[in-house]
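A quick write-up on the structure given underneath.
Naming: A, B, ... by sequence-line order, numbering from 1 per chain.
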Protein chains: 2
Amino acid sequence: MQKEHNLSKNQKIIFDLIDKSGEPMKAYSILFNVQKKGIKAPLQVYRALDKLVEIGKIHKIESRNAFIACQNSSCQVSKATAFSICESCENVSEISNSKLSKYLSNFSDDSGMKYSKYNLEFFGLCKKCKSK
Amino acid sequence: MQKEHNLSKNQKIIFDLIDKSGEPMKAYSILFNVQKKGIKAPLQVYRALDKLVEIGKIHKIESRNAFIACQNSSCQVSKATAFSICESCENVSEISNSKLSKYLSNFSDDSGMKYSKYNLEFFGLCKKCKSK
DNA sequence: AACGTTATGTAATAATATAACATTTATAAG
DNA sequence: CTTATAAATGTTATATTATTACATAACGTT
(Lines give C-alpha, C1' and ligand atoms only; values in the text may rest on other atoms or scores of the structure.)
Protein backbone atom coordinates (compact mmCIF):
# COMPACT_ATOMS: atom_id res chain seq x y z
CA MET A 1 0.00 0.00 0.00
CA GLN A 2 1.27 3.36 -0.99
CA LYS A 3 1.90 6.05 1.58
CA GLU A 4 0.00 9.16 0.67
CA HIS A 5 2.26 12.13 0.62
CA ASN A 6 0.47 15.40 1.01
CA LEU A 7 2.42 17.72 -1.14
CA SER A 8 2.87 21.25 0.03
CA LYS A 9 1.88 24.20 -2.13
CA ASN A 10 5.22 24.64 -3.88
CA GLN A 11 5.76 20.92 -4.21
CA LYS A 12 2.38 20.53 -5.83
CA ILE A 13 2.90 23.39 -8.28
CA ILE A 14 6.25 22.01 -9.33
CA PHE A 15 5.19 18.39 -9.49
CA ASP A 16 2.15 19.24 -11.61
CA LEU A 17 4.29 21.15 -14.06
CA ILE A 18 6.81 18.34 -14.47
CA ASP A 19 4.13 15.70 -14.61
CA LYS A 20 2.16 17.52 -17.29
CA SER A 21 5.21 18.19 -19.40
CA GLY A 22 5.88 14.46 -19.62
CA GLU A 23 9.52 15.04 -20.29
CA PRO A 24 12.62 15.95 -18.32
CA MET A 25 12.67 19.54 -17.16
CA LYS A 26 15.60 21.54 -15.93
CA ALA A 27 15.47 23.46 -12.69
CA TYR A 28 15.69 26.92 -14.18
CA SER A 29 13.16 26.12 -16.84
CA ILE A 30 10.85 25.01 -14.05
CA LEU A 31 11.59 28.24 -12.23
CA PHE A 32 10.71 30.28 -15.30
CA ASN A 33 7.44 28.40 -15.70
CA VAL A 34 6.27 28.82 -12.13
CA GLN A 35 7.15 32.46 -11.62
CA LYS A 36 3.60 33.46 -12.41
CA LYS A 37 2.55 31.25 -9.51
CA GLY A 38 4.71 33.19 -7.08
CA ILE A 39 7.77 30.98 -6.94
CA LYS A 40 10.56 33.44 -7.45
CA ALA A 41 13.83 31.92 -6.35
CA PRO A 42 15.94 28.94 -7.41
CA LEU A 43 16.04 27.67 -3.87
CA GLN A 44 12.28 27.31 -3.76
CA VAL A 45 12.51 25.12 -6.80
CA TYR A 46 15.43 23.06 -5.58
CA ARG A 47 13.81 22.46 -2.22
CA ALA A 48 10.66 21.16 -3.82
CA LEU A 49 12.67 19.05 -6.25
CA ASP A 50 14.70 17.53 -3.42
CA LYS A 51 11.57 16.54 -1.58
CA LEU A 52 9.87 15.17 -4.68
CA VAL A 53 12.92 13.08 -5.49
CA GLU A 54 13.08 11.85 -1.90
CA ILE A 55 9.51 10.59 -1.95
CA GLY A 56 9.86 9.14 -5.44
CA LYS A 57 7.39 11.38 -7.29
CA ILE A 58 10.12 12.50 -9.65
CA HIS A 59 13.55 11.27 -10.62
CA LYS A 60 16.68 13.12 -11.56
CA ILE A 61 18.26 12.26 -14.88
CA GLU A 62 21.81 12.69 -13.70
CA SER A 63 23.47 12.91 -17.07
CA ARG A 64 21.14 15.73 -18.08
CA ASN A 65 20.62 17.61 -14.83
CA ALA A 66 16.93 17.31 -15.40
CA PHE A 67 13.90 15.99 -13.58
CA ILE A 68 11.12 13.76 -14.84
CA ALA A 69 7.92 12.57 -13.21
CA CYS A 70 7.94 8.97 -12.12
CA GLN A 71 6.23 6.90 -14.76
CA ASN A 72 6.02 3.83 -12.64
CA SER A 73 3.08 3.79 -10.28
CA SER A 74 4.61 1.22 -8.00
CA CYS A 75 7.72 3.26 -7.45
CA GLN A 76 7.51 4.81 -4.02
CA VAL A 77 11.07 5.78 -3.56
CA SER A 78 13.85 6.61 -5.95
CA LYS A 79 16.02 3.73 -5.05
CA ALA A 80 16.01 1.67 -8.21
CA THR A 81 15.79 3.69 -11.38
CA ALA A 82 16.53 2.99 -15.02
CA PHE A 83 16.10 5.23 -18.01
CA SER A 84 16.51 5.12 -21.74
CA ILE A 85 17.80 8.28 -23.30
CA CYS A 86 17.88 9.13 -26.99
CA GLU A 87 21.10 10.96 -27.74
CA SER A 88 19.58 12.64 -30.74
CA CYS A 89 16.16 13.94 -29.67
CA GLU A 90 16.85 13.69 -25.94
CA ASN A 91 13.64 11.78 -25.37
CA VAL A 92 13.79 10.04 -22.01
CA SER A 93 11.65 7.28 -20.66
CA GLU A 94 11.69 5.25 -17.53
CA ILE A 95 12.33 1.57 -17.98
CA SER A 96 10.16 -0.69 -15.92
CA ASN A 97 11.42 -4.16 -16.49
CA SER A 98 11.03 -6.47 -13.56
CA LYS A 99 13.83 -8.78 -14.65
CA LEU A 100 16.22 -5.89 -14.90
CA SER A 101 15.21 -4.41 -11.57
CA LYS A 102 15.42 -7.78 -9.87
CA TYR A 103 18.81 -8.42 -11.36
CA LEU A 104 20.17 -5.06 -10.25
CA SER A 105 18.51 -4.97 -6.85
CA ASN A 106 20.08 -8.32 -6.06
CA PHE A 107 23.41 -7.53 -7.57
CA SER A 108 26.40 -7.91 -5.34
CA ASP A 109 30.09 -8.21 -5.97
CA ASP A 110 33.08 -9.08 -3.86
CA SER A 111 33.56 -5.58 -2.49
CA GLY A 112 31.58 -6.33 0.64
CA MET A 113 29.21 -3.53 -0.14
CA LYS A 114 25.48 -3.98 0.15
CA TYR A 115 23.86 -1.74 -2.38
CA SER A 116 20.71 0.01 -1.30
CA LYS A 117 20.13 2.06 -4.42
CA TYR A 118 21.08 2.28 -8.06
CA ASN A 119 20.56 4.45 -11.07
CA LEU A 120 21.03 3.25 -14.61
CA GLU A 121 20.99 5.29 -17.78
CA PHE A 122 20.97 3.67 -21.21
CA PHE A 123 21.86 5.72 -24.27
CA GLY A 124 21.12 5.18 -27.91
CA LEU A 125 18.92 6.31 -30.74
CA CYS A 126 15.18 6.02 -30.46
CA LYS A 127 13.09 4.47 -33.19
CA LYS A 128 12.27 7.78 -34.83
CA CYS A 129 15.80 9.12 -34.81
CA LYS A 130 17.25 5.84 -36.05
CA SER A 131 15.12 5.98 -39.19
CA LYS A 132 16.20 9.46 -40.19
CA MET B 1 44.67 -4.62 -29.32
CA GLN B 2 44.43 -1.22 -27.78
CA LYS B 3 44.71 1.90 -29.88
CA GLU B 4 47.45 4.07 -28.49
CA HIS B 5 46.24 7.55 -27.88
CA ASN B 6 48.97 10.11 -27.73
CA LEU B 7 47.73 12.53 -25.20
CA SER B 8 48.45 16.17 -25.74
CA LYS B 9 50.25 18.25 -23.14
CA ASN B 10 47.17 19.39 -21.22
CA GLN B 11 45.48 16.04 -21.54
CA LYS B 12 48.54 14.33 -20.09
CA ILE B 13 48.87 16.74 -17.18
CA ILE B 14 45.24 16.32 -16.28
CA PHE B 15 45.11 12.58 -16.78
CA ASP B 16 48.20 12.07 -14.64
CA LEU B 17 46.70 14.09 -11.84
CA ILE B 18 43.42 12.19 -11.84
CA ASP B 19 45.14 8.86 -12.23
CA LYS B 20 47.53 9.49 -9.33
CA SER B 21 44.77 10.68 -7.06
CA GLY B 22 42.97 7.37 -7.46
CA GLU B 23 39.65 8.94 -6.60
CA PRO B 24 37.06 11.10 -8.28
CA MET B 25 38.17 14.66 -8.82
CA LYS B 26 36.04 17.67 -9.62
CA ALA B 27 36.84 19.99 -12.46
CA TYR B 28 37.67 23.03 -10.39
CA SER B 29 39.76 21.03 -7.99
CA ILE B 30 41.67 19.76 -11.00
CA LEU B 31 42.03 23.32 -12.21
CA PHE B 32 43.42 24.42 -8.87
CA ASN B 33 45.92 21.58 -8.91
CA VAL B 34 47.26 22.22 -12.39
CA GLN B 35 47.57 25.97 -12.24
CA LYS B 36 51.24 25.68 -11.38
CA LYS B 37 51.64 23.79 -14.64
CA GLY B 38 50.24 26.68 -16.64
CA ILE B 39 46.64 25.61 -17.08
CA LYS B 40 44.76 28.70 -16.08
CA ALA B 41 41.18 28.47 -17.32
CA PRO B 42 38.23 26.14 -16.71
CA LEU B 43 37.81 25.60 -20.40
CA GLN B 44 41.27 24.13 -20.71
CA VAL B 45 40.33 21.62 -18.07
CA TYR B 46 36.94 20.80 -19.54
CA ARG B 47 38.37 20.32 -22.99
CA ALA B 48 40.91 17.85 -21.73
CA LEU B 49 38.27 16.09 -19.64
CA ASP B 50 35.95 15.79 -22.64
CA LYS B 51 38.66 14.20 -24.71
CA LEU B 52 39.78 11.86 -21.94
CA VAL B 53 36.20 10.72 -21.41
CA GLU B 54 35.76 10.25 -25.15
CA ILE B 55 38.76 7.93 -25.41
CA GLY B 56 37.89 6.09 -22.21
CA LYS B 57 40.88 7.09 -20.08
CA ILE B 58 38.58 8.58 -17.48
CA HIS B 59 34.91 8.34 -16.64
CA LYS B 60 32.50 10.89 -15.32
CA ILE B 61 30.63 10.01 -12.14
CA GLU B 62 27.42 11.73 -13.13
CA SER B 63 25.83 11.87 -9.72
CA ARG B 64 28.90 13.60 -8.32
CA ASN B 65 30.07 15.74 -11.21
CA ALA B 66 33.47 14.21 -10.80
CA PHE B 67 35.98 12.36 -12.90
CA ILE B 68 37.90 9.19 -12.13
CA ALA B 69 40.61 7.37 -14.03
CA CYS B 70 39.49 4.18 -15.72
CA GLN B 71 40.42 1.26 -13.51
CA ASN B 72 39.71 -1.31 -16.15
CA SER B 73 42.58 -1.84 -18.54
CA SER B 74 40.38 -3.36 -21.19
CA CYS B 75 38.07 -0.42 -21.29
CA GLN B 76 38.82 1.53 -24.43
CA VAL B 77 35.76 3.63 -24.59
CA SER B 78 33.33 4.89 -21.99
CA LYS B 79 30.38 3.03 -23.32
CA ALA B 80 29.66 0.56 -20.58
CA THR B 81 30.42 1.83 -17.12
CA ALA B 82 29.40 0.79 -13.63
CA PHE B 83 30.42 2.22 -10.31
CA SER B 84 29.89 1.60 -6.65
CA ILE B 85 29.61 4.69 -4.52
CA CYS B 86 29.69 4.89 -0.76
CA GLU B 87 27.19 7.46 0.38
CA SER B 88 29.07 8.06 3.59
CA CYS B 89 32.75 8.39 2.66
CA GLU B 90 32.12 8.99 -1.04
CA ASN B 91 34.59 6.32 -2.02
CA VAL B 92 34.00 5.31 -5.63
CA SER B 93 35.20 2.31 -7.49
CA GLU B 94 34.63 0.96 -10.91
CA ILE B 95 32.85 -2.36 -11.07
CA SER B 96 34.27 -4.82 -13.56
CA ASN B 97 31.95 -7.74 -13.55
CA SER B 98 31.69 -9.50 -16.84
CA LYS B 99 28.29 -11.00 -16.10
CA LEU B 100 26.91 -7.59 -15.29
CA SER B 101 28.42 -5.94 -18.33
CA LYS B 102 27.23 -8.73 -20.59
CA TYR B 103 23.76 -8.52 -19.14
CA LEU B 104 23.56 -4.78 -19.61
CA SER B 105 25.25 -4.63 -22.99
CA ASN B 106 22.75 -7.13 -24.30
CA PHE B 107 19.77 -5.61 -22.58
CA SER B 108 16.88 -4.65 -24.76
CA ASP B 109 13.27 -3.88 -24.09
CA ASP B 110 10.22 -3.41 -26.25
CA SER B 111 10.89 0.26 -26.96
CA GLY B 112 12.63 -0.51 -30.23
CA MET B 113 15.74 1.23 -29.05
CA LYS B 114 19.14 -0.31 -29.52
CA TYR B 115 21.30 0.85 -26.67
CA SER B 116 24.87 1.68 -27.53
CA LYS B 117 25.96 2.88 -24.13
CA TYR B 118 25.06 2.75 -20.48
CA ASN B 119 26.13 4.10 -17.16
CA LEU B 120 25.21 2.50 -13.87
CA GLU B 121 25.80 3.85 -10.40
CA PHE B 122 25.22 1.74 -7.30
CA PHE B 123 24.93 3.42 -3.91
CA GLY B 124 25.35 2.06 -0.43
CA LEU B 125 27.73 1.94 2.47
CA CYS B 126 31.21 0.54 2.04
CA LYS B 127 32.63 -2.04 4.42
CA LYS B 128 34.40 0.53 6.56
CA CYS B 129 31.46 2.87 6.88
CA LYS B 130 29.03 0.06 7.59
CA SER B 131 31.02 -1.01 10.65
CA LYS B 132 31.05 2.43 12.23
C1' DA C 1 -1.35 26.23 23.71
C1' DA C 2 3.22 24.67 23.40
C1' DC C 3 6.46 22.08 20.95
C1' DG C 4 8.99 20.16 17.25
C1' DT C 5 9.10 19.56 12.39
C1' DT C 6 8.42 20.89 7.81
C1' DA C 7 7.92 24.38 4.48
C1' DT C 8 8.52 29.12 2.87
C1' DG C 9 10.73 33.68 1.58
C1' DT C 10 14.72 36.32 0.27
C1' DA C 11 19.36 37.74 -0.81
C1' DA C 12 23.69 36.56 -1.84
C1' DT C 13 27.03 33.61 -3.69
C1' DA C 14 29.29 29.18 -4.87
C1' DA C 15 30.10 25.56 -8.12
C1' DT C 16 29.78 23.68 -12.64
C1' DA C 17 30.06 24.34 -17.56
C1' DT C 18 30.01 26.59 -22.23
C1' DA C 19 30.30 30.32 -26.09
C1' DA C 20 33.09 32.90 -29.02
C1' DC C 21 37.12 34.10 -31.08
C1' DA C 22 42.15 34.16 -32.10
C1' DT C 23 46.24 31.46 -32.50
C1' DT C 24 49.31 27.47 -32.53
C1' DT C 25 50.65 22.72 -33.09
C1' DA C 26 50.21 18.15 -35.04
C1' DT C 27 49.00 15.02 -38.90
C1' DA C 28 48.63 13.62 -43.31
C1' DA C 29 48.49 14.09 -48.50
C1' DG C 30 50.53 15.54 -52.53
C1' DC D 1 58.87 20.05 -47.87
C1' DT D 2 54.79 22.47 -48.19
C1' DT D 3 50.16 22.93 -48.23
C1' DA D 4 45.83 21.60 -46.30
C1' DT D 5 43.20 20.01 -42.55
C1' DA D 6 42.24 18.68 -38.10
C1' DA D 7 43.25 18.93 -33.27
C1' DA D 8 44.69 21.45 -29.46
C1' DT D 9 45.62 25.73 -27.03
C1' DG D 10 44.94 30.42 -24.90
C1' DT D 11 41.93 33.95 -23.18
C1' DT D 12 37.90 36.55 -21.82
C1' DA D 13 33.46 36.56 -20.78
C1' DT D 14 29.28 34.50 -19.55
C1' DA D 15 25.73 30.89 -18.92
C1' DT D 16 23.90 27.31 -16.10
C1' DT D 17 23.31 24.67 -12.03
C1' DA D 18 23.12 24.56 -7.09
C1' DT D 19 23.87 25.93 -2.13
C1' DT D 20 24.61 28.87 2.27
C1' DA D 21 22.70 31.61 5.60
C1' DC D 22 19.23 33.57 8.02
C1' DA D 23 14.43 34.93 9.11
C1' DT D 24 9.56 33.69 9.24
C1' DA D 25 5.34 30.97 8.72
C1' DA D 26 2.41 26.78 8.61
C1' DC D 27 1.51 22.14 10.09
C1' DG D 28 0.93 18.18 13.14
C1' DT D 29 1.18 16.36 17.67
C1' DT D 30 0.12 15.86 22.22
Side-chain angles (χ1 to χ4, degrees), chain A residues 3-18 21 23-68 77-78 87 90 92 119 121, chain B residues 3-18 21 23-68 77-78 87 90 92 119 121:
Chain A
K3 169 121 198 287
E4 188 51 49
H5 282 285
N6 294 311
L7 300 184
S8 73
K9 180 173 137 281
N10 288 359
Q11 288 159 16
K12 190 160 182 356
I13 291 171
I14 286 171
F15 174 71
D16 285 347
L17 175 68
I18 299 174
S21 101
E23 52 185 33
M25 295 191 72
K26 303 195 143 221
Y28 277 72
S29 147
I30 292 168
L31 175 57
F32 178 80
N33 276 279
V34 296
Q35 274 175 335
K36 51 198 154 206
K37 305 231 174 188
I39 295 177
K40 294 173 193 156
L43 188 49
Q44 295 177 291
V45 173
Y46 281 105
R47 282 196 285 223
L49 290 174
D50 284 352
K51 186 68 183 185
L52 292 167
V53 166
E54 186 192 322
I55 64 180
K57 301 281 288 180
I58 65 172
H59 304 300
K60 182 170 188 182
I61 310 299
E62 293 287 357
S63 65
R64 299 299 187 259
N65 298 318
F67 300 85
I68 193 168
V77 191
S78 294
E87 289 184 296
E90 292 295 324
V92 171
N119 178 57
E121 299 181 2
Chain B
K3 168 124 199 286
E4 189 50 51
H5 282 286
N6 295 310
L7 300 184
S8 73
K9 179 173 137 281
N10 288 0
Q11 288 159 15
K12 190 161 182 355
I13 291 170
I14 287 171
F15 174 72
D16 285 347
L17 175 68
I18 299 174
S21 100
E23 52 184 34
M25 294 191 73
K26 305 195 141 222
Y28 277 71
S29 145
I30 293 168
L31 176 57
F32 177 81
N33 276 278
V34 296
Q35 274 175 334
K36 52 198 155 205
K37 304 231 177 189
I39 295 176
K40 293 173 194 156
L43 191 49
Q44 294 177 292
V45 172
Y46 281 105
R47 282 197 286 223
L49 289 174
D50 284 352
K51 186 66 183 187
L52 291 168
V53 166
E54 186 192 324
I55 65 179
K57 301 280 288 182
I58 65 173
H59 304 301
K60 183 171 188 181
I61 311 299
E62 293 287 356
S63 66
R64 299 298 186 260
N65 298 317
F67 300 85
I68 193 169
V77 190
S78 295
E87 289 184 297
E90 293 294 324
V92 172
N119 179 56
E121 298 180 3

A:Asn6 vs D:dG28: side-chain N/O to OP1/OP2 distance below 4.0 Å: no
Closest to the A:Gln11 side chain, choosing from D:dT11, D:dA18, C:dA7: C:dA7
Gap between atoms NZ and P, on A:Lys37 and C:dT8 respectively (whole Å): 15 Å
From B:Ile14 atom CD1 to B:Leu7 atom CG, the distance as rounded to the nearest 0.5 Å: 10.5 Å
Beyond-backbone contact of B:Val34 with B:Gln44, side-chain heavy atoms, under 4.5 angstrom: no
A:Asn65 side chain reached by A:Lys60 side chain, heavy atoms, under 4.5 Å: yes
Under-4.0 Å side-chain N/O to phosphate OP1/OP2 contact, A:Lys9 with C:dT8: no
Interatomic distance where CD belongs to A:Glu54 and C1' belongs to C:dT6 [whole Å]: 11 Å
Below 4.0 Å: OP1/OP2 of D:dA8 and any side-chain N or O of B:Lys51: yes
Between P of C:dT10 and CG of A:Leu31, the distance in whole Å: 13 Å
Value in whole Å for how far the C1' atom of D:dC27 lies from NZ of A:Lys12: 18 Å
N/O donor-acceptor pair under 3.5 Å between A:Glu121 side chain and A:Glu62 backbone: yes
Distance, rounded to the nearest Å, where B:Gln44 contributes CD and D:dA8 contributes C1': 10 Å
N/O donor-acceptor pair under 3.5 Å between B:Lys37 side chain and B:Asn10 backbone: no
For atom NZ of B:Lys26 and atom C1' of C:dA14, their distance in whole Å: 11 Å
Nearest-nucleotide pick for B:Asn10, side chain only, options being D:dT19, D:dG10, C:dT16: D:dG10
Polar side-chain contact B:Tyr28-C:dA14 base: donor and acceptor under 3.5 Å: no
Under 4.0 angstrom between A:Lys40 side-chain N/O and C:dT10 OP1 or OP2: yes
B:Asp50 CG to C:dT16 P, straight-line distance once rounded to whole Å: 16 Å
Chi angles and distances behind the side-chain contact (heavy atoms from CB on, under 4.5 Å) call for A:Ile39, A:Ile30: CA-CA 10 Å; A:Ile39 295 177; A:Ile30 292 168; over 6 Å; no
End axis versus end axis in the helix from C:dA1-D:dT30 to C:dG30-D:dC1, the angle rounded to 10°, five pairs used at each terminus: 50°
Presence of A:Ser8 side-chain N/O under 4.0 Å of C:dT8 phosphate oxygens OP1/OP2: yes
Residue A:Leu43, side-chain heavy atoms: nucleotide from D:dT9, C:dA11, D:dA18 that is nearest: C:dA11
Closest-nucleotide ordering on DNA chain C, the 5'-leading residue of B:Arg47 and B:Ser29: B:Ser29
Any donor-acceptor N/O pair, B:Lys57 side chain to B:Lys51 backbone, under 3.5 Å: no
N/O (side chain, B:Asn65) to phosphate O (OP1/OP2, C:dA17) under 4.0 Å: yes
Between CD1 on residue A:Ile18 and CD1 on residue A:Ile58, distance to nearest 0.5 Å: 4.0 Å
Side-chain N,O (A:Lys60) to OP1/OP2 (D:dA18) below 4.0 Å: yes
Whole-Å gap separating C1' (D:dT17) and CD1 (A:Ile61): 16 Å
